[in-house]
Amino acid sequence: MHKFKIDKIKSASMKITKLEVQSFEMNVYLVKLYTHDTEGFVYDASDKPMRFHNSQQIRDAFEHCEVDEAVMIHDSPYDEMIGNPNKPEPSMAMPFSMQQPY
């Protein structure tokens, strides 16, 4: 899996086939990018997965990029946390607007 560096993304426009926002608890979002030939997560300057803390921060970081499709994925851990088995359904995916201003 490829590592997309946030510094390179901010310095030059790129064509993104799909931008996938993965939503976690406590306002933590990771972003996975798909281009015509590769896929991978966005990494910060310290070579760690880039943590976004709100949806507007994501829109701002990618506003100069051409994004064909954007979705938000949310997988709820609540059943597992209370001792129930994991749900067999896939994670919920919702359209994610990249339009500015939001």
**Study point:** Minimum heavy-atom distance Ile9-Ala61, with the two atoms named
**Key:**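 Of all heavy-atom pairs spanning Ile9 and Ala61, the closest is CG2-O, 4.2 Å.
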Return the set of residues passing side chain to side chain contact (heavy atoms under 4.5 Å, CB included) with [X] (not counting sequence neighbours), or none when no residue passes.
| X | value |
| --- | --- |
| Ser13 | His64 |
| Asn54 | Gln56, Gln57 |
| Glu63 | Gln100 |
| Asn27 | Tyr29 |

Exercise for review: Mind checking side chain to side chain donor-acceptor pair (under 3.5 Å) for Glu69 and listing every partner two or more places apart, or none if nothing turns up?
Suggested key: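 Once residues adjacent in sequence are excluded, Glu69 has no partner under the side chain to side chain donor-acceptor pair (under 3.5 Å) criterion.
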Check your understanding: Would you say Val21 and Ser55 make side-chain contact, with heavy atoms under 4.5 Å?
Key ->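 No, their side chains stay 4.5 Å or more apart.
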Which distance, rounded to the nearest 0.5 Å, do you find between the [atom1] of [X] and the [atom2] of [Y]?
| X | Y | atom1 | atom2 | answer |
| --- | --- | --- | --- | --- |
| Lys3 | Thr38 | NZ | OG1 | 13.0 Å |
| Asp60 | Met98 | CG | CE | 9.0 Å |
| Ser46 | Ile6 | OG | CD1 | 13.0 Å |

Practice item. Test Thr35 against Phe4 for side chain to side chain contact (heavy atoms under 4.5 Å, CB included), laying out the working first. Key: CA-CA 11 Å; Thr35 63; Phe4 291 96; 4.0 Å; yes
Connected via hydrophobic side-chain network under 4.5 Å: [X] and [Y]:
| X | Y | result |
| --- | --- | --- |
| Tyr43 | Val28 | yes |
| Met1 | Leu19 | no |
| Leu30 | Ile58 | no |
| Met14 | Val67 | yes |

Check your understanding: Excluding sequence neighbours, so at least two apart, what forms ring-ring contact (aromatic ring centres under 6.0 Å, His included) with Phe41?
Key -> none
Exercise for review: Can you sort out the partners of His53 under ring-ring contact (aromatic ring centres under 6.0 Å, His included), two or more places apart, ordered by chain and number?
Suggested key: none
Practice item. Would you mind listing the cluster partners of Tyr34? Hydrophobic ones only (ILVMFWY), side-chain contacts under 4.5 Å, chaining allowed. Key: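 Its cluster mates, by chain and number: none.
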Check your understanding: Quick one: does NZ or CZ of Arg59 land under 6.0 Å from the six-membered ring centre of Phe96, within 45 degrees of the ring axis?
Key -> yes
Review point. What residues form a salt bridge (charged side-chain N to carboxylate O under 4.0 Å, His left out) with Lys48, not counting sequence neighbours?
Key: none
Exercise for review: Sort out for me which residue in Gln22, Glu20, Glu39 forms a side chain to side chain donor-acceptor pair (under 3.5 Å) with Lys32.
Suggested key: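 The option that passes is Glu39.
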Practice item. Can you run down the salt bridge (charged side-chain N to carboxylate O under 4.0 Å, His left out) pairs that involve residues 4-13, sequence neighbours left out, and say none if there aren't any? Key: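 For residues 4-13, and leaving out neighbouring residues, the salt bridge (charged side-chain N to carboxylate O under 4.0 Å, His left out) pairs sorted by first residue read Lys5-Asp47.
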Practice item. Would you please test Val42 and Phe62 for side chain to side chain contact (heavy atoms under 4.5 Å, CB included) and show each step? Key: CA-CA 11 Å; Val42 176; Phe62 295 94; 3.9 Å; yes
